[in-house]
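This report refers to the structure that appears directly beneath it.
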Amino acid sequence: MAAVHITLPDNSVRTFDHEPTVLEVAKSIGPRLAKDTVGGLINDEKEVSDLRRILKDGTRLKIVTLAMPEALEVIRHSAAHVMAQAVQELWPDVKVTIGPVIENGFYYDFSSPRPFTPDDLLAIEKRMEQIIARDLEVVKEDWSQDQAIKTFDKMGENFKVEIIRDLGEKSVSVYKQGDWFDLCRGPHVQRLGVIKAVKVLSLAGAYWRGDEKNPQLQRVYATAFTDKKDLAEYLHNLEEAKKRDHRKIGKDLGLFYFHPLSPGGPFFAPKGALIYNQLQNFVREKYIQYGYKEVITPQIFDVDLFHRSGHYANYKENMYFTKVEERDFSLKPMNCPGHCLLYSTELRSYRDLPWRIADFGRLHRFERSGVMHGLTRVRTFCQDDAHIFCAMEDIQSEIRSFMVMLNDIYNSLGLTNYTIFLSTRPAQRMGSDAVWDRAENALADALKDLKLPYTVNAGDGAFYGPKLDIMFVDALKRPWQLGTLQVDFNLPEAFDLKFIGADNKDHRPVMLHRAILGSLERFIGVYLEHTAGHLPTWLTPTQVAILSVTDSQNDYCLELERKLKAEGVRVEFDQRSEKLGFKIREAQLQKIPYMLVIGDKEKAAGNVSVRLKSGATKYGLNFSDFVSKLKCEIQERSLHSPWTGEASAQDATVT
RNA sequence: GCCCAUGUGGCUCAGGGGUAGAGCACACCCUUGGUAAGGGUGAGGUCGUGAGUUCGAGUCUCACCAUGGGCUCCA
């Protein structure tokens, strides 16, 4: 056989007289490296390959060792096998299914005759640790499809048999550790002992292959690391995430509440409503700038409207219906059908287009009971919704303008990390394939034209058209869908919308559905988690707290309060006869950006001492200067304090 | 909707067959104290709802409602 050459990252070349495995290449370099090898990155692929993979001549190889971040993927893959082994050692009647690696760990889905309990999870973790302590060698074997099916069938592992059948490969790989084995394509570690830390995290129901018609399985979530310290840090971060939970922040800051008599219906308390309205006003200002006109349309419509729009046929599981005096009505789940009615109230000319109408209308969608979640998934909400009626040839420029507006708004809010997804036609849809082709191409072309990178989500579009979804990635690296833009050729057709063109003939407009914040409810939830409740000053319910040292400054404090209010600043004067430290603590917990600490010194000098929530303190400031700087910060919707430059919102630390 | 868990004063939680507890918050009083919790007193709960078991049920059983973690769906 001709010599086989393997190129390493430093461009050095190793030569073999046969096609070597990743591990063999590592051994040829050194025993220490070989011992630490957990896999290989081949030809710049993103996924780690198994260390037992045989390499062809000319392969470029980067050996993945325990010290590298990519090792986690391999460790977790093997840890999933350890979990499956642990479960089957504890309960031999439990059947295994699949156990993939996910973002921060892995899970394994089991088919168990009885549900697992929290105590079981502890038992699983303990048994996993015992198995790891055995430091078993992991051995890969290639079985014929026939042999694999026979073996797993005999064991009663019917899910595995189904997987092997569906794979339809002549041979499949099986990984053995001791006398336990599992069908798997890898990658896996050499010996289980390199898994230094495992933690079983939680339990959930899941359906076989994600289809609710299939049997329900028990999904056990867990994570694994190469180092106990990394696990400790991960668990710490989980705690941090809990502290930022918008439901907790909302309660702590008195922003919003829920009541069992309106599941999924948030109550915005005064402070929450203030944030809500500030955001709405912010978007309203942008509407003027970007050529939108705001409209107000009805809440409730005769069901005929939704028959016509297609919502009844495609969306009725999510709609609220009511019958009044023998007539069927529905609360609107979306604004678009109403906007079509509004469009058709007048004869439209091509000179009127693009007609951009915005609507903060309240929407109601009957979400299934298990899907509600704080503010991010509710049954009544309001979008920063707008529809653009335009001619076909305007689509691209409208999409561009939308992306510019979105970027403008996100930047103002400090949301700089987002990605774009293009969702294409779903199975349940209206309209012809030719129409869908046009719509999908229009979106793709506009993005290419703008040189914006995007990912295609095949089959994820709305029933009436393809869409762009803007996913914002928050401070804890979690993705959220906020903005969206949907191209719709179907509603204009359904409502027979027209405009008179320059040729004096009727033309069909295209309708674009778009939102930038998404829903105000969800946006507030996401933004609270992103900022850990440290909102920019313009958005924060109480901007200034006046804290008197003793009662004898009350008159001066009242005067300051009156002046601030006159300037439109949201101020609270804490008059209680509590000690200063106590008042500061409370203001701090309420995340109030500025505290005016007023004692005899300030009163005598007629100035103010300002404590920022970071703890930074400026003594003896001129009050008028303070007010004008503060007003400037608020009016500019700045994300930074003019006194310290510290960020008021972004990447705020949890306190 | 499905699986699992949870539901005790406004909030955070303890108590697990013999009739309700703590801390914080709240009210009143004392304290007037300079940068993250001063002290005292008091009020406040048909223990999610409804049935059942029992001499007796926050406590055990069942159903329902809500919430939480997921699945599925989605702004």
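Each chain gets a letter, A, B and so on, in the order its sequence line appears, and its residues count up from 1. Model, not experiment: these values are computed from the prediction.
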Is the distance from the ring center of [X] to that of [Y] below 6.0 Å?
X        : Y        : answer
A/Phe472 : A/Tyr418 : no
A/Phe110 : A/Trp91  : no
A/Phe626 : A/Trp643 : yes

Taking only the side-chain heavy atoms of [X] (C-beta and beyond), determine which of [options] contains the nearest atom.
X        : options             : answer
A/Tyr207 : B/U32, B/C71, B/G34 : B/C71
A/Phe381 : B/A75, B/A36, B/G34 : B/A75
A/Arg611 : B/A75, B/A36, B/C71 : B/A36
A/Tyr221 : B/A37, B/C3, B/G70  : B/G70
A/Leu580 : B/G38, B/A36, B/G34 : B/G34

Q: Please determine if a side-chain N or O atom of A/Lys583 lies less than 4.0 Å away from the OP1 or OP2 oxygen of B/G34.
A: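 False: A/Lys583 side-chain N/O out of range (4.0 Å or more) of B/G34 OP1/OP2.
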Polar atom pairs (N or O), protein with nucleotides 23-30 of chain B, under 3.5 Å:
none

Round to a whole Å and report the spacing from [atom1] of [X] to [atom2] of [N].
X        : N     : atom1 : atom2 : result
A/Phe523 : B/A75 : CZ    : P     : 17 Å
A/Ile516 : B/A75 : CD1   : P     : 16 Å
A/Glu578 : B/A36 : CD    : C1'   : 13 Å
A/Gln481 : B/A75 : CD    : P     : 6 Å
A/Leu589 : B/A36 : CG    : P     : 12 Å

**Q.** Side-chain heavy-atom pair A/Phe282, A/Leu413 within 4.5 angstrom cut-off
**A.**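 Yes; the side chains approach each other to less than 4.5 Å.
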Q. Got A/Lys332 and A/His311 here, is their nearest side-chain heavy-atom distance under 4.5 Å?
A.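 A/Lys332 does not reach A/His311 side chain to side chain.
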Would [X] and [Y] pass as an ion pair if we require N to O under 4.0 Å?
X        : Y        : result
A/Arg209 : A/Asp166 : yes
A/Asp555 : A/Lys603 : yes
A/Glu317 : A/Arg368 : no

Q: Ignoring hydrogens and angles, answer whether the base of B/G34 and the side-chain atoms of A/Gln553 contain a donor-acceptor pair closer than 3.5 Å.
A: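 When only heavy-atom distances are counted, A/Gln553 does not reach the base of B/G34 through any donor-acceptor pair under 3.5 Å.
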Q) Distance between the P atoms of B/G39 and B/U32, in whole angstroms? A)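 My reading of the P atoms in B/G39 and B/U32 gives 15 Å.
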Q: Pick the C1' atom in B/A51 and in B/C11, then give their distance to the nearest Å.
A: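 About 31 Å, rounded to a whole number of Å.
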Q. For RNA chain B, which residues in residues 362-379 of chain A have a heavy atom at a distance below 4.0 Å?
A.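 Those residues are A/Arg365, A/Glu367, A/Arg368, A/Ser369, A/Gly370, A/Val371, A/Met372, A/His373, A/Gly374, A/Arg377, A/Val378.
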(Q) Near RNA chain B, counting only heavy atoms under 4.0 Å, which residues of residues 254-282 of chain A show up? (A)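 Those residues are A/Pro260, A/Pro263, A/Gly264.
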Q: Determine the sole option in A/Phe306, A/Phe366, A/Tyr312 for which the ring pair (Phe, Tyr, Trp, His ring centres under 6.0 Å) test with A/Phe321 is passed.
A: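 Checked A/Phe306, A/Phe366, A/Tyr312 against A/Phe321; only one passes ring pair (Phe, Tyr, Trp, His ring centres under 6.0 Å): A/Tyr312.
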Q. If you look at every strand shown and take non-hydrogen atoms under 4.0 Å, does A/Asn318 touch a base, only sugar-phosphate, or nothing?
A.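 It contacts nothing in the nucleic acid.
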